[in-house]
Amino acid sequence: SFEDRPFGISCGAEVFQTLIQVLVEYISRFKGAFRDHQTLVPLTESISSWVALWDAGGFVDTEINDTHAKQVMRDKLYRDLKRLLSMATRETAAITRKAGPDEPALTKEVGTRSVIGALAIHYDPAGNLRPDGPRHNNDFDDISEISIAPTEEEMMCKAAPFLPGNIPGAPHHLAPESMERLLDIQFRLLREELVAPLRMTLQSIINDLLAPTRNTLLHAILAKKGGRYTAENGHADSAMASVYTSANPISIATDKRGVVIRLLVNAPPGQARDSSAFKRAEYWKGISRKRLMQGGLVGLVWAAQGEIQLFFGLISSSGDDIQSSCRRSAENLEIRVRFFDENMSSKVMDWCQLRPKDRRGTTILMVEAPVMYESIRPFLETLKKEPTGFPFSRYLVHNLEGSRHLYQTVPPPQYTSTRRAFTWNLKCLMNGDLELLLNPQGTDSIQKARQQLRCSSRLDPSQADAMVDCLTKEFCLIQGPPGTGKSFTGIEIMRVLLANNVNKILLIAFTNHALDHLLQSVLKMGITSKIARLGSYSNDEDLKQFSLEELEKSHSTSRRSQSINDACGNLKVIERELSAVLKQLQGGPVSVKDRTEYMVLRFPDHNNHLLDPPSIVSSIRASEEGWIQAGSRKPLKGLSHFEFWKTGRDIVWLEQAHSSIKKKVKHRPSNSFAELEIEGGWDDDEIADLESEFGDLEEKKEDGLQAFLKNAGVDTLPSIPSSNRTLGVLQDDPLVWAMSRIERTCLAKSWEEGARQHFFSRSRSSFASLKTKYEHAKQQYEECRYQAKLRILSNVDIIGCTTTGAAKLTTLLS
């Protein structure tokens with residue numbers, strides 16, 4: 001009974017709808033839900049029986065008088081229930097497969113039996129379904145577990161990957177006519193296009209590195225310091241990739257894409273090494289869409305002491321960064337790469353600690369994948385999503401009985417059936433002031449609309465039929481040769497949709513040029529100006545104001561800006577902390593805390609003497625505070641004992657004091673002003689007066705120095721330290737204030753380097769922790785921007801993007 005329902009619940013349908021939605025979301029987000037919670041299967045079965053009982057009137061419930069609203073609610077409930085049961089069936093089958101693989105699903109199709117038979121003979125399933133076990137650490141029967149980025153084991157594996165046949169009835173471990181089977185096939189075949197050329201190239205390069213002879217293609221490329229490598233597998237297949245030699249990881253850094261590795265590589269032979277910086281920059285500008293593209297996939301081949309490792313990452317440098325780098329040097333390029341492997345940072349830290357002689361015998365190459373990773377990754381990510389959430393699945397899956405009957409029974413769009421007595425008003429298409437209404441549920445109305453549109457609208461007969469089909473069917477394809485009005489019909493369809501308050505419209509085109517043409521037509525024909533263009537590759541100046549990036553700037557609100565600013569501020573704070581740790585790890589300044597702790601631990605006598613300087617040093621240090629240094633307007637701040645000692649401020653004072661004394665004892669002529677001549681000359685009394693004043697100044701200066709020494713507790717001015725002893729002697733002598741400048745520099749450098757090495761592991765832990773915080777803060781910042789974009793898109797009529805953009809922004813668009 002639903003008589004005593006909680007506040008806010010209107011009927012049983014809402015109870016079941018909420019329960020089903022929670023379970024669907026839970027199962028979608030947690031892949032092991034059915035495996036970890038065995039009660040989920042009986043719970044879904046119980047919900048199904050409860051819904052059937054409720055629908056048959058077996059529950060006491062509120063009577064819904066609105067027949068249309070009741071039917072809409074019932075249809076949605078059964079659609080969601082079907083999705084939940086489909087997920088339960090699929091996950092249960094997956095658990096059963098892992099327990100013990102069954103025979104692959106086969107269906108004998110007339111005309112394809114020989115092909116399917118051949119596929120069955122050579123069928124070698126994926127992951128744990130394979131009799132010999134997984135091929136490598138990225139071989140799974142469930143595509144949701146497969147990493148889109150390649151792994152080292154995978155790329156070195158000689159076994160052929162699992163590539164299922166893309167024909168109905170071919171052997172496969174998933175059920176025929178299921179969406180998950182179609183997605184599995186499409187994912188594996190598309191991903192193979194991405195990784196196969198790189199895999200073939202890397203395996204051939206590794207063979208060359210291990211070959212006993214130097215007469216290989218790789219060694220020829222090494223001699224030229226880079227070039228194009230062509231790999232062949234002995235069959236008709238071949239792959240070509242760019243190889244960059246002498247790759248040298250020089251540091252770890254941060255940029256907009258996260259934590260990156262800075263690499264130096266040899267510039268490729270040819271124009272990239274031209275003596276003219278301008279010509280080099282023009283070369284990279286000309287091929288910026290072909291080589292070293294931002295987001296491109298690269299593999300690092302690291303060969304040392306007979307061991308070969310592979311690391312994979314994405315280029316983070318922009319085209320402008322590459323051009324800037326090539327202007328600085330004709331021999332080398334600096335490239336930033338964001339690696340997938342978390343251990344790469346540690347690898348680079350260890351590498352940077354090695355001395356040049358310890359790096360000998362190590363060969364590091366960077367291989368650029370010939371297929372653009374970022375153009376395929378979004379599609380692969382989308383194919384990995386929950387299968388039951390894909391629209392139009394009944395039209396997409398392989399249908400073994402033939403698909404002709406599907407297109408004869410295409411139902412009307414859901415947005416027309418959920419509205420009571422919905423009717424299309426087609427007046428905006430008609431000539432003059434003619435009226436035309438179209439009921440998408442009525443056969444007679446549909447036929448009448450076809451006739452009137454053919455006779456009395458600006459559409460030709462084929463365009464009129466296409467218009468009616470699009471407005472009365474949930475799925476429709478318009479096909480025709482160039483010039484038949486496909487784009488025109490699409491624009492008119494959008495006009496009808498918006499005239500009938502049916503929005504948001506998602507407009508997807510295959511290319512940026514086609515997208516710009518359609519959106520420009522929408523604007524010129526006055527259909528709407530409330531559009532948003534996703535992506536940044538528009539060449540149309542009129543459309544740039546409608547890009548999402550520009551709309552973000554112009555639609556700034558105080559609340560949204562504050563949340564983004566807070567997230568951005570937090571990100572910058574963590575980035576600064578991370579940068580400080582990275583500098584320390586990579587030879588930057590050691591923190592005062594680490595240096596002090598190291599000195600107390602390893603050189604306690606030196607540290608004690610440093611903190612308890614001789615009295616004259618203390619007096620000199622006190623006298624300098626508040627003075628203004630030459631070339632600066634700010635008074636000197638009190639330096640720490642270490643900085644005062646390291647910079648030799650006490651030695652500078654001693655040098656000035658000794659210089660003053662030398663000037664006084666230096667012989668002067670009897671007449672100190674004999675060189676000065678004025679008109680009429682000097683008389684004896686004037687000269688006597690000037691010499692008297694000068695002598696008084698010298699005596700005062702001498703008296704001041706003596707008073708200073710007396711207050712400092714010393715009788716005579718100490719000598720200036722000038723020794724130059726070895727580091728070993730300095731480490732045994734705790735009298736640090738008696739050391740010369742050169743000795744202080746030497747000892748301070750050894751302390752800082754010692755502290756860096758001593759606390760290296762601790763700094764590594766700090767780096768790992770801060771890196772995690774940085775990635776989390778970056779994610780929070782992107783989430784704030786994501787919410788801002790959602791608010792903008794909620795207020796537009798048409799959202800335009802390319803197919804690649806739609807794949808990248810699936811979550812945002814949904």
Side-chain angles (χ1 to χ4, degrees), residues 27-38 40-41 86-107 116 118-196 198-200 202-203 310 312 340-341 376-377 379-388 390 397-398:
I27 296 167
S28 300
R29 294 166 188 256
F30 299 95
K31 298 300 181 183
F34 281 94
R35 183 187 64 246
D36 299 336
H37 304 283
Q38 298 180 1
L40 271 180
V41 173
S86 175
M87 296 171 77
T89 302
R90 183 191 72 237
E91 295 299 322
T92 303
I95 294 172
T96 303
R97 284 197 307 272
K98 292 182 186 298
D102 297 328
E103 290 296 319
L106 286 173
T107 305
I116 294 175
L119 291 173
I121 292 174
H122 298 285
Y123 182 71
D124 190 13
N128 289 319
L129 304 180
R130 191 167 180 256
D132 296 333
R135 298 164 176 79
H136 45 73
N137 62 355
N138 202 27
D139 183 28
F140 300 98
D141 61 294
D142 185 352
I143 60 172
S144 66
E145 299 181 59
I146 296 177
S147 165
I148 293 176
T151 66
E152 181 184 50
E153 274 190 34
E154 175 186 14
M155 300 304 270
M156 288 186 173
C157 180
K158 300 293 185 180
F162 172 58
L163 299 175
N166 189 25
I167 57 175
H172 200 284
H173 58 278
L174 294 173
E177 302 187 59
S178 65
M179 193 63 189
E180 54 265 31
R181 178 167 176 162
L182 175 65
L183 297 180
D184 181 279
I185 294 171
Q186 298 297 323
F187 176 87
R188 295 180 190 277
L189 296 182
L190 181 59
R191 186 176 181 274
E192 181 66 6
E193 288 187 19
L194 172 66
V195 302
L198 184 60
R199 180 178 62 237
M200 187 186 302
L202 289 174
Q203 290 187 1
L310 300 178
F312 300 95
F340 302 117
D341 192 340
I376 293 181
R377 179 198 59 79
F379 296 98
L380 294 174
E381 292 284 5
T382 302
L383 290 170
K384 290 175 68 174
K385 293 185 180 297
E386 171 56 44
T388 59
F390 275 78
V397 297
H398 288 153

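Each residue takes its place number in the sequence, starting with 1.
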Here's a test for you: under side-chain contact (heavy atoms from CB on, under 4.5 Å), which of L163, I143, I146 qualifies with R191? I146
Atom pair CG/CZ of L194 and R377 - distance to nearest 0.5 Å: 11.0 Å
Give, for atom NZ of K384 and atom CD of E145, the distance between the pair rounded to the nearest 0.5 Å. 9.5 Å
So do the side chains of M155 and P150 get within less than 4.5 Å of each other, counting heavy atoms only? yes
Step by step, would you call F312 with V195 a side chain to side chain contact (heavy atoms under 4.5 Å, CB included)? CA-CA 11 Å; F312 300 95; V195 302; over 6 Å; no
Measure the spacing between CG of L182 and NE2 of H172 and express it to the nearest 0.5 Å. 9.5 Å
Heavy-atom closest pair, residues L183 and F390: CD1-CE1, 3.4 Å
A160 backbone acceptor or donor facing R135 side chain under 3.5 Å: yes
Between P164 and R188, the two heavy atoms sitting closest are CD-CD, 3.7 Å
Would you mind reporting whether S178 and V397 have side-chain heavy atoms less than 4.5 Å apart? no
Whether the N138 and T151 side chains hold a donor-acceptor pair (N or O, under 3.5 Å, no angle test) is what I'd like checked. no
Distance from L198 atom CG to Q203 atom CD, nearest 0.5 Å? 10.0 Å
F140 and A126 have their tightest heavy-atom pair at O-CB, 3.4 Å
How close do L310 and E152 get, heavy atom to heavy atom, and via which atoms? N-OE2, 2.7 Å
Salt bridge flag under 4.0 Å for residues D139 and R130: no
Report the C-alpha separation of F379 and I148 in whole Å, then their side-chain angles, then the decisive distance to 0.1 Å, and conclude whether the side chain to side chain contact (heavy atoms under 4.5 Å, CB included) test is met. CA-CA 10 Å; F379 296 98; I148 293 176; over 6 Å; no
Shortest non-hydrogen contact from S28 to E386? OG-CG, 3.8 Å
Euclidean distance, M179 CE relative to S86 OG, rounded to 0.5 Å: 11.0 Å
Test log, rule side chain to side chain contact (heavy atoms under 4.5 Å, CB included), inputs R199 and E192: CA-CA 10 Å; R199 180 178 62 237; E192 181 66 6; 2.5 Å; yes
Measure up the Y123 and F162 rings against each other and bin them: parallel (under 30°), tilted (30 to 60°), perpendicular (over 60°). perpendicular
Could you state the interatomic distance from CZ (R181) to CD (Q186), rounded to the nearest 0.5 Å? 12.5 Å
Measure across G165 and I185 and return the closest heavy-atom pair with its distance rounded to 0.1 Å. O-CD1, 3.7 Å
